[in-house]
Amino acid sequence: MAQIRYLAAICKDPAAQAAFYIEEIGLMELGRSDTGDVSLTDENFNFTLFRQRADLIEYRQDLGLHHLGVEVDNIDETVARYRQLVPGGVVLREPDNIHYGGVRIFDPESNPISLSDTGFGIGAGERALPRIGHVAVHMLQPQRTGDFYIFLFGMRELGTTKERRRQGKFNGFVGDGYTNLAMHPYYTNRSADGFDEYDRIGHDGTDESHEERRIGFHHFGFLMRDASQRAAQLSQGKAKVADRPAIRPYAEMCVVDPEGIGFDLTQRKGWEVDVDKWEQVA
């Protein structure tokens, strides 16, 4: 099955951001470009930090998380399925270097997805700790986009989706066996007359752990052995740290990095990454 193995962000100062994630989280550097981009890794994920600049060819250049990447067995076969699933869908060549995949496509809400069949510069990778295990996206139609990931990449709908439906919520969750992809509705709390309401937080109507109202890729998360200790160190002026609400099944703490990108830290709770399969640290 295809796997999510890449995440990209646009930053003002990738070098400073990279230093933060290396020193405070424990990531390692993969490489740098002449234009100031920096790629990091947890030995399984490629986490690339692009420098915001005029010649960065992206149709959205706002700061923060920008797109993810999926490793597939065969790019040509995946693109062929994509063209059947999305007639007229845009397919772009990427540089296929350490900072990019080989091809880019777009989900039903125009969020970019990089495709690679060479492991995004990491190869087979090692599932070490700390590691990225969660990506969250804000969107208009979580179910539609969840179906897209299921049909195109073979990912599976998780039990948390059904739990949210029983609660009257519209969040969607899919997994590839290693990473949890959460799709949260930007507009929530459907009223009695059938209209969707503009919720203050835009996460799932109750969770205020990442308060930034942002459409598209919103935050991500690390699984690690010493999450509480790491959070305590970060809270000493290095980043904004808060406990996640006890009612949320995922992660214990949320962090906002020096440029405002949010990420979760978890040890005991973990994430559901496949049907009834949870990634946790004892």
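Quantities reported herein were computed from a predicted structural model and do not represent experimental measurements.
The hydrophobic clustering, which links ILVMFWY residues whose side-chain heavy atoms are closer than 4.5 Å, places Phe151 and Tyr82 together. Trp271 and Val135 fall into different hydrophobic clusters, defined by Ile, Leu, Val, Met, Phe, Trp and Tyr side-chain heavy atoms under 4.5 Å apart, directly or through other members. Linking Ile, Leu, Val, Met, Phe, Trp and Tyr whenever their side-chain heavy atoms come within less than 4.5 Å puts Tyr149 and Leu85 in one cluster. A chain of hydrophobic side-chain contacts below 4.5 Å, direct or via other Ile, Leu, Val, Met, Phe, Trp or Tyr residues, connects Ile113 to Met155. Cluster membership for Ile150 and Val275, using ILVMFWY side-chain heavy atoms within less than 4.5 angstrom, is not shared.
Between Leu30 and Asn46 the shortest side-chain heavy-atom distance falls below 4.5 Å. Side-chain contact check for Val103 versus Leu92: every heavy-atom pair is 4.5 Å or farther apart. The shortest side-chain heavy-atom distance between Phe45 and Leu40 does not fall under the 4.5 Å cut-off. Inter-residue side-chain proximity for Arg127 and Tyr178 is flagged as met; some heavy-atom pair is nearer than 4.5 Å. By the 4.5 Å heavy-atom criterion applied to side chains, Asp107 and Val86 are not counted as neighbours. Using a 4.5 Å cut-off on side-chain heavy atoms (C-beta onward), His184 and Met139 make no contact. Side-chain contact between Gln3 and Phe153 is absent, with no heavy-atom pair separated by less than 4.5 Å. Looking at heavy atoms from C-beta onward, Asp117 lies out of side-chain contact with Glu71 at the 4.5 angstrom threshold.
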CA sep, side-chain torsions, deciding dist, call: Asp62, Arg214, salt bridge (charged side-chain N to carboxylate O under 4.0 Å, His left out): CA-CA 10 Å; Asp62 48 317; Arg214 176 186 178 88; 3.5 Å; yes
From CA spacing to verdict: side chain to side chain contact (heavy atoms under 4.5 Å, CB included), Leu7, Leu65: CA-CA 8 Å; Leu7 186 63; Leu65 294 183; 4.1 Å; yes
Candidate pair His219 and Cys254, rule side chain to side chain contact (heavy atoms under 4.5 Å, CB included), full reasoning: CA-CA 9 Å; His219 68 272; Cys254 60; over 6 Å; no
Side chain to side chain contact (heavy atoms under 4.5 Å, CB included) between Phe120 and Thr41, worked out: CA-CA 10 Å; Phe120 292 100; Thr41 186; over 6 Å; no
Trace of the ring pair (Phe, Tyr, Trp, His ring centres under 6.0 Å) decision for Phe148 with Phe106: CA-CA 10 Å; Phe148 172 86; Phe106 298 83; over 10 Å; no
Chi angles and distances behind the side chain to side chain contact (heavy atoms under 4.5 Å, CB included) call for Lys12, Glu259: CA-CA 8 Å; Lys12 291 181 180 178; Glu259 287 207 16; 3.6 Å; yes
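Across Gly146 and Val174, no two heavy atoms sit closer than the pair O-CG1, 4.0 Å. Across Gly270 and Leu223, no two heavy atoms sit closer than the pair CA-CD1, 4.4 Å. Met224 and Val281 make their closest contact through O-CG2, 3.9 Å (heavy atoms, listed as atom of the first residue, atom of the second, distance). Contact detail for Pro142 and Pro185: the closest heavy-atom pair is CG-N, 3.7 Å. Of all non-hydrogen atoms in Ile10 and Leu56, the two that sit nearest each other are CD1-CD2, 4.0 Å. The heavy-atom pair separating Ala128 from Asp42 by the smallest distance is CB-O, 4.2 Å.
When ring centroids are compared, Phe50 and Tyr100 come within the 6.0 Å threshold. Taking the six-membered ring for Trp and the full ring otherwise, Phe263 and Tyr21 have centroids separated by under 6.0 Å. A centroid separation of less than 6.0 Å is found between the aromatic rings of Phe220 and Phe222.
Ion pairing of Arg131 with Glu126 is absent here, as no side-chain N (NZ or NE/NH1/NH2) approaches a carboxylate O to less than 4.0 Å.
Looking at Lys277, its side chain does come within 3.5 Å of a backbone N or O of Gly177 through a donor-acceptor pair. One N or O on the side chain of Arg51 and one on the backbone of Thr35 form a donor-acceptor pair closer than 3.5 Å. No side-chain donor-acceptor contact under 3.5 Å links Glu272 to the backbone of Leu158. The main-chain N or O of Ala251 is never found under 3.5 Å from a side-chain atom of Arg268 such that the two would form a donor-acceptor pair. Arg225 places no side-chain N or O within donor-acceptor distance of the main-chain N or O of Leu129, the cut-off being under 3.5 Å. Between the side chain of Asp226 and the main chain of Arg230, no donor-acceptor pair closer than 3.5 Å is present. Distance alone, capped at 3.5 Å, places no donor-acceptor pair between the Arg5 side chain and the Leu68 backbone. When atom types are taken as modelled, the side chain of Thr78 and the backbone of Asn74 share a donor-acceptor pair closer than 3.5 angstrom. Side-chain atoms of Ser235 never come within 3.5 Å of backbone atoms of Val241 as a donor-acceptor pair (strictly under, hydrogens ignored).
Note that OG1 of Thr145 is 8.5 Å distant from CG of Leu140, once rounded to the nearest 0.5 Å. With rounding to the nearest 0.5 Å, the separation of NZ in Lys269 from CE in Met253 is 9.5 Å. Distance check: Glu29 CD to Arg32 CZ gives 4.0 Å after rounding to the nearest 0.5 Å. Atom CG of residue Asn111 and atom CZ of residue Phe217 lie 4.5 Å apart, to the nearest 0.5 angstrom. Once rounded to the nearest 0.5 Å, the distance linking CG of Asp276 with CG of Asp274 reads 9.0 Å. With rounding to the nearest 0.5 angstrom, the CD1 atom of Ile4 is 11.0 Å from the CD1 atom of Ile132.
With 3.5 Å as the limit, one finds a donor-acceptor pair spanning the side chains of His99 and Ser39. For the 3.5 Å distance criterion, the side chains of Tyr250 and Thr160 qualify, holding a donor opposite an acceptor. Neither side chain, Gln267 nor Ser228, offers a donor N or O lying under 3.5 Å from an acceptor on the other. Using modelled atom types, one finds no donor on one side chain facing an acceptor on the other under 3.5 Å when comparing Gln17 with Asp13.
Results of the ring-ring contact (aromatic ring centres under 6.0 Å, His included) test with His218 over His138, His134, His66 single out His138 as the only residue that passes. Of the options Glu252, Gln280, Glu279, a side chain to side chain donor-acceptor pair (under 3.5 Å) to Thr266 is made by Glu252 and by none of the others.
For Phe47, the CZ atom is densely surrounded, since the number of other residues' heavy atoms within 6.0 Å is greater than 12. Counting heavy-atom neighbours within 6.0 Å of Arg81 CZ, excluding the residue itself, gives a total above 12. Heavy-atom neighbours of Asp34 CG from other residues, nucleotides or ligands within 6.0 Å: at or below the threshold of 12.
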